Structure formats: structure tokens, C-alpha cells
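Working notes, structure below.
Here the structure is a predicted model, which means the values were calculated and not measured. Numbers restart at 1 for each chain; the letters A, B, ... are given by sequence-line order, proteins then strands.
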2 protein chains.
Amino acid sequence: MSVTGRSRKQIILKEAARLFREKGYLASTLRELARRAGVQGGSIYHHFSSKQEILFVLMDNTMNDMIERLSTSIAELDSPLARLRHAIRLHIEYHIIGPDETYITEDELRNLESENYRRIIVQRDHYQQIFEEIIAEGKACLNWQVSDVKLLARAIIQMCAGVTRWYKPNDKFSIDEIAEQYFSLLLNGLKERGAEEKQTQPL
Amino acid sequence: MSVTGRSRKQIILKEAARLFREKGYLASTLRELARRAGVQGGSIYHHFSSKQEILFVLMDNTMNDMIERLSTSIAELDSPLARLRHAIRLHIEYHIIGPDETYITEDELRNLESENYRRIIVQRDHYQQIFEEIIAEGKACLNWQVSDVKLLARAIIQMCAGVTRWYKPNDKFSIDEIAEQYFSLLLNGLKERGAEEKQTQPL
DNA sequence: GCTAACCTAACAAACGTTAGATTTGCCATG
DNA sequence: CATGGCAAATCTAACGTTTGTTAGGTTAGC
């Protein structure tokens, strides 16, 4: 926003994101957060009213950001195909090279107090809904084989977010390559195109 | 094992699984665990040397169980198709109706101390390898379109495990239905069978 | 009567949080 | 330009609670 470097409050938020990602919210100490932010323990309370508020502000900002960036960027694309590909690409990017904040958004839901939890869930549902709309459109326009839109949206989101659980920097694949393989898998499945339709035996 | 009901040690383990799943490992208190197990706080240390050991024993037992049940049950099936379907079914089942222990196995890895962590990771890799073998076999025998076996195995595992993050009892779908839809999606993808091969534009 | 199982009571450390003192940056005023 | 003052920012030091853990005594079962 301002030209004058980050404010201390923003520094604290950024360091909190790194710390929470590294150790988890509960295992993170305000004293260590203060140390990393170059400040004394009690000083944090001048910017935030509690440790919980830091987590909430972090997740709230990030969720708003994710939703806005996703919805505006797919608005420019004209086919459900291109939109789904882009959404997958962006979702994976969010959870890997993306700021630490997006990682936390997935993992620390459990540690939100009830009111905060409710508010973040609303946003998460909103985010998921964007995927649902893409899928519904593909079903209507491109005749995608989808038995349940919501179930599929969840499956895709979880599959992509799950990348965080195994991806390490310097992996043999780049983000783009992973995204492309996931997209291709979802679109085409495992079976070879044009192969004989072997009746799959039930059981 | 024995006919004489569960031993107290087993009760503690079972209650620990429930508690850890409900509140998470770090947020769970040994005093509350003791209360639920019908025992006084300090008594737990007669059965376990630390809180950490409870978590490890829990995950270790569960991992061994999951690996054994998966590998013996797919050994009876004769096609990669049937094996993949069964593996998906079992993996989803593990993470929903399955004992609380399997849930924890996914979620509490971060809270294992380094040596324990290393040992559980070995088992997790072993579990994943079973999926990789099924996929490799399908690629060789049924000409599945797979560009990277390991990547695909991870995608499947994460997608299925992710069910825990949204599934609630009394959901409109049963475990079987979810598993079948996931399996069908993986096999066939979104595109309609026999549809024209529209060249997907790179971009 | 011995051993495993369990209880009681406490300790030391770490934590989130708070209150009060101190410093810093800024701006109006002389 | 200097200066006084005010509010925001930060520091210091502590409090009260909770936590994992431990030591020693007590009970129960074979």
C-alpha cells in the first residue's frame, strides 16, 4: 500500500504465517513470533488483541485474496475447459509456491474459535462454489460426465491441496507440470482414448 | 486378543484416538485423556512413557494394520482394475467410518518427534507403494495413460484422504457411492466416451 | 507376599496475557 | 527553527493457569 516499507503489523502477520506454517498454530509461541518480528513479547498486543486474532486475520485476508484472484482471472477465459485448467493451476500454485498464508488456510481451520470458524467456512464455501460453477458449465456445454457437481468440486480441491503434503522444492516436476498432469487426468481419466470399451465387471 | 475385555492400556489407546481426532494432539490434555479412560492423570505413565509415545504407538499400530489389510485384500483380486477400485474403496473407508486412528495417521504427522516421524514415513511410503504397483500394472497390462506413476498415486491418495475434510455422517452419499464415483472419475475422466476428439488448445 | 496397577500431590517449565513505564515520531505552536 | 506535548509504539516485568512429568504411597490380584 504505502511506499514506506511494511508496517510492523504487516511484518508480524508475515512472520506469523511463516511460523504457523512451520510449526503449526498451537505449537507456535508468541514469544518466538515476537523474536522473529524483531519485537518484544508483549508488544504484539498493541497490534492484535490475541493470538487467535492473528490467525483469523491471516486466514481472512488470504481467503478474500484467493477468491478475488480466482474469480477475476477465470472471468477472462471463455470455455469451461480453459477455466478448469486455470483454476487447477492456480489452486495448486496457491498451496505450494504461494505465500505461506494459503497453506495455513487449509490446515488450521480446526484451531479457529467458533465464531471465527464460521466466518472462514463461509469463504471456503464461496471458493468451492467457483469450482462448482465451472463444472456445472462444463456439464451443460461440453457434456462432461459428472454425476455430482459438489462431490467432484471437493475431490478436485482436495487432490490439488494435497500436493502440499508431499511436494518439496526441487521436485522433479514444476508446478505447471503437476497442474497439467492433474488437469489431463481429470479430463481424460486413465483409460486410453479410442480403446475398446471393455465392460468393467462389477466387483 | 484376549477374551477378558480390553486391557486398560488398550482403553487408553482407544480414548486417545478419539480425543486426538476431536481436538488434535497438541490441544489434547493427558488429564482429560485420563478422565475419559476412567483413570487418574499420573496413572497413564504406568502404561506409556510419554504423551508422544501414545501418539506414536497409535500411528504405528494403525499403519501396520492399514498396510496389511490393503495388501492381503487386493492379493485376491486378479485385475489392476479391480485392485484399484478396491484400494480406493478401502482408503476412503479408512478415513471416514474407519477407526479414529486412521484419521490421526494423516493429520498428526507434524507432531511426531524426528525419530518417530522417520519411522512412520517409512510405513506411509510403503502404503503408497502399493498404489504405485497397481497403477504400474494397469499401465503395463491395460495401457492406462499414466505419465508418472508416483505422482498419480499421490494424487489418488490425497483425493481420497481429503474426504475427511468435508464428509459428515448422514451425507447424501454413502462411502460406497463416493468411492465408486471417485473410481469412475479416475478411470474415465470428465470427457464423454466416444465423443469427438476436440483438440484442446494449449494455453 | 510380591508385583503390577493405580492414586495423590506436587514440581518446574512454558504459555497467553496484562499493567505500567519508557521511548519514538510527529505536529502544532512560539 | 526550536520546542513542547501528545499519542502511538515498544519495552519490561510479572501474574495466573495449564501442562507434561515425577516421586512416593496405596490398593488389588495371583
Side-chain angles (χ1 to χ4, degrees), chain A residues 1-59 104 108 110-117, chain B residues 1-60 104 108-117:
Chain A
M1 286 295 180
S2 70
V3 193
T4 71
R6 289 198 187 91
S7 71
R8 180 124 284 166
K9 181 165 184 172
Q10 284 170 332
I11 293 177
I12 293 176
L13 275 177
K14 194 67 193 170
E15 290 300 323
R18 293 211 313 162
L19 184 60
F20 291 172
R21 174 172 194 169
E22 193 180 319
K23 305 201 168 181
Y25 172 73
L26 284 179
S28 297
T29 295
L30 284 185
R31 285 173 171 86
E32 179 162 5
L33 172 56
R35 196 177 53 73
R36 294 197 187 193
V39 109
Q40 217 66 13
S43 306
I44 291 181
Y45 284 83
H46 186 259
H47 303 281
F48 302 94
S49 69
S50 67
K51 183 185 180 186
Q52 170 77 195
E53 195 200 353
I54 298 178
L55 179 62
F56 175 73
V57 169
L58 220 44
M59 292 177 78
I104 295 165
E108 301 290 357
R110 131 175 295 168
N111 292 316
L112 285 173
E113 289 161 9
S114 58
E115 177 56 24
N116 293 338
Y117 179 81
Chain B
M1 287 295 180
S2 69
V3 192
T4 71
R6 288 199 188 91
S7 72
R8 180 123 287 165
K9 180 166 185 171
Q10 284 169 331
I11 292 177
I12 293 176
L13 276 177
K14 195 65 192 170
E15 291 299 325
R18 293 212 312 161
L19 184 59
F20 291 172
R21 174 173 193 168
E22 194 180 318
K23 305 200 167 182
Y25 172 73
L26 285 178
S28 297
T29 296
L30 284 185
R31 283 170 173 86
E32 180 163 5
L33 172 57
R35 194 177 54 75
R36 294 197 187 193
V39 108
Q40 217 66 14
S43 305
I44 291 182
Y45 284 83
H46 186 260
H47 303 282
F48 302 95
S49 69
S50 66
K51 184 185 180 187
Q52 171 77 195
E53 194 200 355
I54 298 178
L55 179 62
F56 175 72
V57 169
L58 220 45
M59 292 178 77
D60 192 49
I104 295 164
E108 301 290 358
L109 267 176
R110 131 175 295 168
N111 292 315
L112 285 173
E113 289 161 9
S114 58
E115 176 56 22
N116 294 337
Y117 179 82

Sugar-phosphate means primed atoms, P, OP1 and OP2; the rest is base. With that split, encode nucleotides 25-30 of chain D 5' to 3' as B, S or - using protein heavy atoms under 4.0 Å.
-> ------

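Both B:Ser43 and A:Tyr45 lie near DNA chain D, and the one whose nearest nucleotide falls closer to the 5' end is A:Tyr45. Along DNA chain D, the nucleotide nearest A:His46 and the nucleotide nearest A:Gly41 are compared for position; the residue whose nucleotide lies closer to the 5' end is A:His46.
One atom, CD1 of A:Ile12, and another, C1' of D:dT10, lie 10 Å apart when rounded to the nearest Å. Spacing between atom CD of B:Glu113 and atom P of D:dG20 amounts to 13 Å, rounded to whole angstrom units.
In this structure A:Arg8 satisfies the side chain to side chain donor-acceptor pair (under 3.5 Å) test with no other residue, sequence neighbours excluded. Residues meeting the side chain to side chain donor-acceptor pair (under 3.5 Å) test with B:Ser49, sequence neighbours left out: B:Glu53. Not counting sequence neighbours, the partners of B:Leu26 by the side-chain contact (heavy atoms from CB on, under 4.5 Å) test are A:Leu26, A:Ala27, B:Asn111. For A:Arg110, the salt bridge (charged side-chain N to carboxylate O under 4.0 Å, His left out) criterion is met by B:Asp107, B:Glu108, not counting sequence neighbours. Under the salt bridge (charged side-chain N to carboxylate O under 4.0 Å, His left out) criterion, A:Lys23 pairs with A:Glu32, sequence neighbours left out. With sequence neighbours excluded, the residues that form a salt bridge (charged side-chain N to carboxylate O under 4.0 Å, His left out) with A:Lys14 are A:Glu101. For B:Gln40, there are no side chain to side chain donor-acceptor pair (under 3.5 Å) partners at least two apart in sequence or on another chain. With sequence neighbours excluded, no residue satisfies side chain to side chain donor-acceptor pair (under 3.5 Å) with A:Glu113.
The number of heavy-atom neighbours closer than 6.0 Å to CZ of B:Arg36, taken from other residues, nucleotides and ligands shown, is above 12.
Within the structure, ring pair (Phe, Tyr, Trp, His ring centres under 6.0 Å) contacts touching residues 22-53 of chain B (residues at least two apart or in different chains) are B:Phe20-B:Tyr25.
The stretch residues 22-38 of chain A touches DNA chain D through A:Arg31, each having a heavy atom under 4.0 angstrom from the strand.
The outermost nucleotides of DNA chain C lying under 4.0 Å from heavy atoms of chain A, listed 5' to 3', are C:dC15 to C:dT18.
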